[in-house]
Novice: 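Below is a structure I'd like to ask you about.
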Amino acid sequence: MHNKEVKKETSLIHKGYVSKNHHDSLTIPLYQTSTFAFSSAEEGERRFAGEESGNIYSRLGNPTVSLLEERMMELESGKGALAFGSGMAAVSAVLLHVIKSGDHIMCSRGIYGCTFGLLEMFEEKFNISHSFHAMETEEEIEAAIRPNTACLYIETPINPTMEIVDLSLVIKIAKKHGIKVIVDNTFSSPFLQNPLEMGADYVLHSATKYINGHGDVIAGLLVGNDADDMMKLRMTVQKDVGGIISPFDAWLLIRGLKTLHVRMDRHTQNAGTVLSYLKNEPFVENIYYPFDESHPQYHIAKKQMKAGGGLISFTIRGGKEAAQLFLNSLSLIKIAVSLGDAETLIQHPATMTHSVIPEMEREKMGITHSLLRVSVGLEHPEDLINDLKQAFIKVQDQMPTTNVN
Ligand SMILES: *Cc1c(COP(=O)(O)O)cnc(C)c1O
């Protein structure tokens, strides 16, 4: 048996699993079952009464899912973790848990498109308001807090503009007011940033992205800093709204987690190479990457993230026409939303991930028609650069009037 002192990289491979309890299987079996058979009526009664631990029904718990939750809790240094059928199921579950009708949600300047859609629905149906803030100074944050503010909902780096929110500043102020802090940590992955260690109350991930890492699962994970509170969430919102993960998807995520640290290192390394290339490309106007020294919040990024990660956003000269022509000229790099996969993916946020956000709001968030977001994958970086290069040449050839000097 390994002791408690092992590093996270080791825990992700070994924690919580004893092969002799599973016919000596090296990896955890996939418990693809909806329900569990009780050995007697009394046993069933005791389990329902909570007097005896044990499985009941897979919406309430499943051994394969539990191992994923245990490893995720370790990785984010939490006290409880829950797996969901999508990132949005995790987002909606934590929000339903912390808010009630009449409350206000204070958000970072940019949030994921569907989270925005959910907040609009909350406003319309349940009188739950929301507002967006740069959250750059103490004064500004203090002034934005309302008597009915129930939680701060933060994404950092912000999708897709890569702006950084200073987590320790925001958390300090929220704590003073007794307001919960929820962080969507999808972009960093649990390997590059751990908001709970900085005092946040909840951290969530679209596990579809870096955690799975292989582009074949949609899933979400939520980790909290209070075991009783997370148990309550499990037995209320998760059980009764029901956005659970399937055992098979949990099994795939357990496999993905085992290589997360190795993949994040390579994503970051490849992103560094692609970044250097883009910085010298005349068709590129602005580049947004947290660990680029020209990033306005470079020092905050350095303080709270272990590395810059695999996502780069940039603006291309020539607006929407050039952006679309550029995407259509790529061959190895795939035009796709999502991120964190082995394959390098590129997308146009204004017409894709963020198209549901009204144009005015979108422009305020900095999501113009010139903006492109690349999720740098695990291919050899020279091949990626060659593909980008030939696509820029095609744009140059077809839009010769775009001044690149
Ligand atoms: C993808 C994503 C989500 C939503 O996750 P799904 O797994 O697609 O439901 C939420 N937040 C961020 C930052 C994302 O990138």
Side-chain angles (χ1 to χ4, degrees), residues 68 72 76 81-96 105 107-121 130 132 152-165 167 182-193 195 200 202-223 238 241-246 248-250 252-253 256-257 264 267 288 290 305 309-313 336-341 343 345-349 352-357 365-367 371-377:
L68 168 67
M72 199 51 205
E76 282 286 16
L82 296 172
F84 292 88
S86 70
M88 285 316 301
V91 172
S92 53
V94 71
L95 287 174
L96 286 171
I105 302 170
C107 305
S108 51
R109 206 154 87 91
I111 54 171
Y112 184 70
C114 298
T115 304
F116 179 85
L118 180 72
L119 295 184
E120 293 277 286
M121 184 181 86
H130 60 270
F132 299 98
L152 264 66
Y153 189 93
I154 316 286
E155 272 184 36
T156 180
I158 293 175
N159 175 23
T161 50
M162 308 308 281
E163 286 158 87
I164 304 293
V165 177
L167 286 173
I182 304 165
V183 180
D184 180 336
N185 205 23
T186 303
F187 266 38
S188 296
S189 91
F191 230 84
L192 303 185
Q193 179 171 277
Y202 302 97
V203 55
L204 65 90
H205 289 272
S206 166
T208 311
K209 318 292 168 53
Y210 285 114
I211 291 175
N212 179 55
H214 293 76
D216 47 19
V217 170
I218 300 272
L221 286 157
L222 174 70
V223 188
Q238 195 189 37
V241 178
I244 56 149
I245 193 171
S246 78
F248 180 50
D249 287 348
L252 285 169
L253 292 186
L257 270 184
M264 290 318 294
H267 281 298
Y288 309 97
M305 295 170 74
L311 285 152
I312 303 172
S313 290
V337 298
S338 200
L339 56 106
D341 294 330
E343 294 83 356
L345 309 177
I346 191 163
Q347 66 116 352
H348 186 236
M352 294 177 186
T353 50
H354 290 68
S355 57
V356 298
I357 302 174
M365 292 174 176
I367 306 165
L371 189 74
L372 294 168
R373 186 194 76 192
V374 197
S375 167
V376 180

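Model, not experiment: these values are computed from the prediction. Along the sequence shown, residues carry numbers from 1. Indexing begins at 1, ligand by ligand and atom by atom, following the structure's order.
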Novice: Kindly say whether the aromatic ring centers of His267 and Tyr210 come within a distance under 6.0 Å.
Specialist: yes

Novice: Report yes if the side chains of Val356 and Glu120 come closer than 4.5 Å at any heavy-atom pair, otherwise no.
Specialist: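 Val356 vs Glu120: side chains apart.
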
Novice: Using 30° and 60° as the class boundaries, would you call the ring planes of Phe116 and Phe132 parallel, tilted or perpendicular?
Specialist: parallel

Novice: I'd like the atom pairs linking ligand 1 to the protein - N or O on both sides, separation under 3.5 Å - with distances to 0.1 Å.
Specialist:
| residue | atom | partner | partner atom | Å |
| --- | --- | --- | --- | --- |
| ligand 1 | 5 (O) | Ser206 | OG | 3.0 |
| ligand 1 | 7 (O) | Gly87 | N | 2.8 |
| ligand 1 | 7 (O) | Ser206 | OG | 2.8 |
| ligand 1 | 7 (O) | Thr208 | OG1 | 2.7 |
| ligand 1 | 9 (O) | Gly87 | N | 2.9 |
| ligand 1 | 9 (O) | Met88 | N | 2.9 |
| ligand 1 | 11 (N) | Asp184 | OD2 | 2.6 |
| ligand 1 | 15 (O) | Lys209 | NZ | 2.8 |

Novice: Give the minimum heavy-atom separation between Ser108 and Ile154, together with the two atoms involved.
Specialist: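 Heavy-atom minimum between the residues: OG-CA, 3.7 Å.
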
Novice: Measuring only between side-chain heavy atoms, which start at C-beta, is Arg373 closer than 4.5 Å to Asn159?
Specialist: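 Answer yes - side chains close enough.
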
Novice: What residues form a side-chain hydrogen bond (donor to acceptor under 3.5 Å, both in side chains) with Thr186, not counting sequence neighbours?
Specialist: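 Only Asp184 meet the side-chain hydrogen bond (donor to acceptor under 3.5 Å, both in side chains) criterion with Thr186.
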
